[in-house]
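Convention: sequence-line order gives letters A, B, ...; per-chain numbering from 1.
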There are 2 protein chains.
Amino acid sequence: MKWHDLTDDACPLARAMGVIGDRWTLLILRECFLGVRRFDSFQKRLGVTRHLLAERLKRLETMGLLERRPYQERPLRHEYRLTASGKEFAPVLLAMQDWAQRNLPSPVPTPFTFVTRDSGEKVDPVLTDRHSGAELNHRSVLMAPAAASHAQDAAKEPKDPESPSAAQAP
Amino acid sequence: MKWHDLTDDACPLARAMGVIGDRWTLLILRECFLGVRRFDSFQKRLGVTRHLLAERLKRLETMGLLERRPYQERPLRHEYRLTASGKEFAPVLLAMQDWAQRNLPSPVPTPFTFVTRDSGEKVDPVLTDRHSGAELNHRSVLMAPAAASHAQDAAKEPKDPESPSAAQAP
DNA sequence: AAAGTTAGTTCTAATTTAGAACCTATTATC
DNA sequence: GATAATAGGTTCTAAATTAGAACTAACTTT
């Protein structure tokens, strides 16, 4: 499989991996949320090679998460800013940070946290359903194939004792 | 930077990337949530090479997201199941799928969706604060360095005009 | 005039991934 | 009782990606 193939996969998660499916991209986004905007700042703070950084920034721009805009002329210099799409990624980052903090413990303290803009208090994130307000987790939610088009794929793998047409309870 | 270095980074997001920072791991987890448990099923459904699949499953086991357990003897066979830690990853997957669906559009329909276990209706995920119930997004939340230990790092990069000690408003 | 700043690009070497073939143990089929 | 089939891997070589360092370009500052 080639890298680029993921970006037009039918599965949204696969497409997402076409953007953040490497060691660096999510960390670049983290820096963006911390307010970093310039090439050299990203490079120094992350320790990523300039070569890769340039490529990743280009990809984030292509995928619409960042925009490159001039912040001065003579000499012409550009900075990278989160677009609306990039900003909407915040809940993913937050959910991931929360998961990692709970499930991948570390002896050293967390270097930064998510706080509310008004009170400055640390947030305690829960994913809920916008309509019902119910908490969304492995117990309340099920991942289900969207009938029609997926049925064909499923047919390729006949009567598997673990066929995933209805994921089992925890 | 070597791969393994991320797994004991101070930043939880970096540690998370030590687990899912590649093209395949998240897709393996997706399959787990769809109910897949066996080596060959993962391999056929994803098209990943057996070599990499074996490695990734091993890593997911090491990191505590999956457990390998026998489901038969003669011949001895093992299957992979989500652990509690793996199951708690569900909200991250959900948030990411939601983001990708909204921000990385595709001409083809989404092959599977998240539905509630009781009503079977498609969910509409929002990240909220457990305490206040407020929606958590780029407008309401700020990523802030956790004062003390980070202050030293910040000192290394003196008076940067874009110093990220207080991330700016959207 | 020399050195510094900022944002890259261009090389070579090392590491990772792809792709195919092979191995082991056991059960099913001819 | 030999031959295939199933399941879960491992072992190769070739291709692609990443690391690391050096270099360029267009200015500005000392």
### Task
Taking all heavy atoms of B:Thr25 and all of B:Val19, pick out the closest pair and write down the distance.
CG2-O, 3.4 Å
### Message
Using whole Å, what does the distance between atom P of nucleotide C:dT6 and atom CZ of A:Arg45 come to?
### Response
15 Å
### Query
Taking the side chain of B:Tyr71 as heavy atoms from C-beta outward, which of D:dA7, C:dT17, C:dG19 is closest to it?
D:dA7
## Note on the structure
Protein heavy-atom contacts under 4.0 Å, written 5' to 3' over nucleotides 25-30 of chain D as B (base), S (sugar-phosphate only) or - (none), form the string -BSS--
### Task
Check A:Pro91 against B:Leu127 and note the closest heavy-atom contact, atom names and distance.
O-CD2, 3.7 Å
Please write out each protein N/O paired with an N/O of nucleotides 9-13 of chain D under 3.5 Å, distance rounded to 0.1 Å.
{"unit_1": "D:dG9", "atom_1": "OP1", "unit_2": "B:Arg68", "atom_2": "NH2", "d": "3.1"}
{"unit_1": "D:dG9", "atom_1": "OP2", "unit_2": "B:Tyr80", "atom_2": "OH", "d": "2.8"}
{"unit_1": "D:dG9", "atom_1": "N7", "unit_2": "B:Arg50", "atom_2": "NE", "d": "2.7"}
{"unit_1": "D:dG9", "atom_1": "N7", "unit_2": "B:Arg50", "atom_2": "NH2", "d": "2.9"}
{"unit_1": "D:dG9", "atom_1": "O6", "unit_2": "B:Arg50", "atom_2": "NE", "d": "3.2"}

### Task
Take the protein atom CZ of A:Phe42 and the nucleotide atom P of C:dG8, then report the distance between them rounded to whole Å.
11 Å
Under 3.5 Å, which donor-acceptor pairs do the side chains of residues 47-55 of chain A form with other protein atoms, sequence neighbours left out?
{"unit_1": "A:Thr49", "atom_1": "OG1", "unit_2": "A:Leu52", "atom_2": "N", "d": "3.3"}
{"unit_1": "A:Arg50", "atom_1": "NH1", "unit_2": "A:Gln43", "atom_2": "OE1", "d": "3.4"}
{"unit_1": "A:Arg50", "atom_1": "NH2", "unit_2": "A:Asp40", "atom_2": "OD1", "d": "3.0"}

### Message
Once ring pair (Phe, Tyr, Trp, His ring centres under 6.0 Å) is applied, what residue pairs with a partner in residues 59-90 of chain A remain, sequence neighbours excluded?
### Response
A:Phe89-B:Trp99
### Message
How many whole angstroms separate atom CG of A:Leu53 from atom P of C:dT6?
### Response
15 Å
### Test: B:Arg45 and B:Glu31 ion pair at under 4.0 Å
yes
### Query
Between atom CZ in B:Arg38 and atom C1' in D:dT6, what is the gap in whole Å?
11 Å
### Query
Can a side chain N or O of B:Trp24 be found less than 4.0 Å away from OP1 or OP2 on C:dT16?
no
#### Entry: A:Gln72 CD to C:dG8 C1', straight-line distance once rounded to whole Å
14 Å
#### Entry: Derivation and outcome, side chain to side chain contact (heavy atoms under 4.5 Å, CB included), residues B:Leu26 and A:Ile20
CA-CA 11 Å; B:Leu26 201 88; A:Ile20 58 154; over 6 Å; no
### Task
With sequence neighbours left out, write down each residue that passes side-chain hydrogen bond (donor to acceptor under 3.5 Å, both in side chains) with A:Thr62, or none if nothing qualifies.
none
### Query
What is the distance, rounded to the nearest whole Å, between atom CG of A:Leu52 and atom P of C:dT9?
13 Å
### Task
Grab the CG-P distance between A:Leu46 and D:dT18 for me, whole Å please.
15 Å
### Task
Applying side chain to side chain donor-acceptor pair (under 3.5 Å), run through B:Ser140 and B:Glu135 and close with a yes or a no.
CA-CA 7 Å; B:Ser140 61; B:Glu135 178 168 349; over 6 Å; no
### Message
I'd like to check the side-chain contact (heavy atoms from CB on, under 4.5 Å) partners of B:Glu61; sequence neighbours left out, ordered by chain and number.
### Response
B:Arg68
### Message
Output the rounded distance in Å from CD (B:Gln43) to P (C:dA20).
### Response
11 Å
